[in-house]
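One-based numbering, in listed order, for ligands and for the atoms of each.
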Amino acid sequence: MSFSLKGKTALVTGAGRGIGRAIAIQLADAGASVLVNDIDESVLSETQRALGHHGQAMSAVAGDLTDPSFPDALVTSALDTFGALDIIVNNAGYSWDNVIQKTADEQFQAMLDIHLVVPFRIMRAASSHIRTQAKREIADGRTVMRKVVNITSIAGTDGNPGQAGYSSGKAGVIGLTKTLAKEWGRYNVNVNAVGFGIIETRLVQPLGDRDAHIVMHDRQIGIGVHPSLLESARQRCPLGRLGTPEEAAGAVLFFCSPLSDYVTGEVLICGGGYHF
Ligand SMILES: NC(=O)c1ccc[n+]([C@@H]2O[C@H](COP(=O)([O-])OP(=O)(O)OC[C@H]3O[C@@H](n4cnc5c(N)ncnc54)[C@H](O)[C@@H]3O)[C@@H](O)[C@H]2O)c1
């Protein structure tokens, strides 16, 4: 059995690299028109080039999702570009870790902002369009399913030492997902979350390999995972290895596709069976 997303339009945040880029490519492969966003303009243009080979309409909007006015502008841009918005993947994220006694207010808040407040603002920005369209379709006797996929983590479902802020943001977005599933069920929107285990991207690059940091709001934030932790995860993971961005994107694609039309408010863990 196969499916097509031809005629569907999608927004993927944090699609300049890693899992977000793989999601955008798989959506385009399935026939969707995709608008991609990232704060990092140079990698976003690489994703744009990769999508250019897939023959679907696409667009890219660089910008910082944590700027309070940006989520509205991004959704408006998707609607101006495609005239519709059927699929939203709230994927953008980063980690800013430390044990609680070394976690500043700003650091904790930053993790809530990117992982919880941003998906809230994106969904709120899309709500007028979604409700208006759905009411029209329902009045016409048509059932058109729309899709939201929020990205969470086993740090959110299990907790993880050193990640009070990240885990809280990733746990919070599960509550948001389950609530929106209930609010938007009547509009035929499936709202689900995918939680990843350890997927090989920049976020979990082995410390010491290269200069492992990201720049957020003019701050250099160290990222990466100690190689011994990665090795122990490999050993404890039932599948015996870390995941690839493409495997991670596959779980997201399920929730973007008609295969999940009767699944909503759920969290699918894609982590090779590994838990913290
Ligand atoms: N890699 C893993 O093991 C793992 C595990 C669990 C959850 N996740 C989650 O998966 C998602 C994707 O992460 P990844 O591993 O591909 O990381 P990544 O660093 O490779 O990609 C994340 C992208 O998000 C972008 N981004 C971050 N903040 C942004 C902002 N304010 N505005 C716009 N773009 C922004 C970054 O620039 C980056 O390109 C994140 O939500 C992450 O928390 C990843």
Handout entry: Ile151 reachable from Tyr94 in the ILVMFWY side-chain graph, under 4.5 Å edges
Key = no
Problem - Modelled atom types, side-chain donor and acceptor of Asn190 and Thr264, under 3.5 Å - result: no
Completion exercise
Cluster membership besides Val144, Ile/Leu/Val/Met/Phe/Trp/Tyr side chains within less than 4.5 angstrom, sorted by chain and number, is none
Exercise for the section: Assess the side chains of Gln205 and Arg202: does a donor N or O sit below 3.5 Å from an acceptor N or O? Expected result: no
May I have the list of side-chain donor-acceptor pairs in residues 265-275 shorter than 3.5 Å, sequence neighbours left out?
{"unit_1": "His275", "atom_1": "ND1", "unit_2": "Asp158", "atom_2": "OD1", "d": "3.4"}
{"unit_1": "His275", "atom_1": "ND1", "unit_2": "Asp158", "atom_2": "OD2", "d": "2.9"}

Exercise for the section: Sequence neighbours left out, what passes side chain to side chain contact (heavy atoms under 4.5 Å, CB included) with Gln48? Give chain and number order. Expected result: Ser45, Met58, Ala60
Handout entry: Within the protein, residues bringing a heavy atom under 4.0 Å of ligand 1, chain by chain
Key = Gly14, Arg17, Gly18, Ile19, Asn37, Asp38, Ile39, Gly63, Asp64, Leu65, Thr66, Asn91, Ala92, Gly93, Tyr94, Ile114, His115, Ile151, Thr152, Ser153, Tyr166, Lys170, Phe196, Gly197, Ile198, Ile199, Thr201, Arg202, Leu203, Val204, Met216
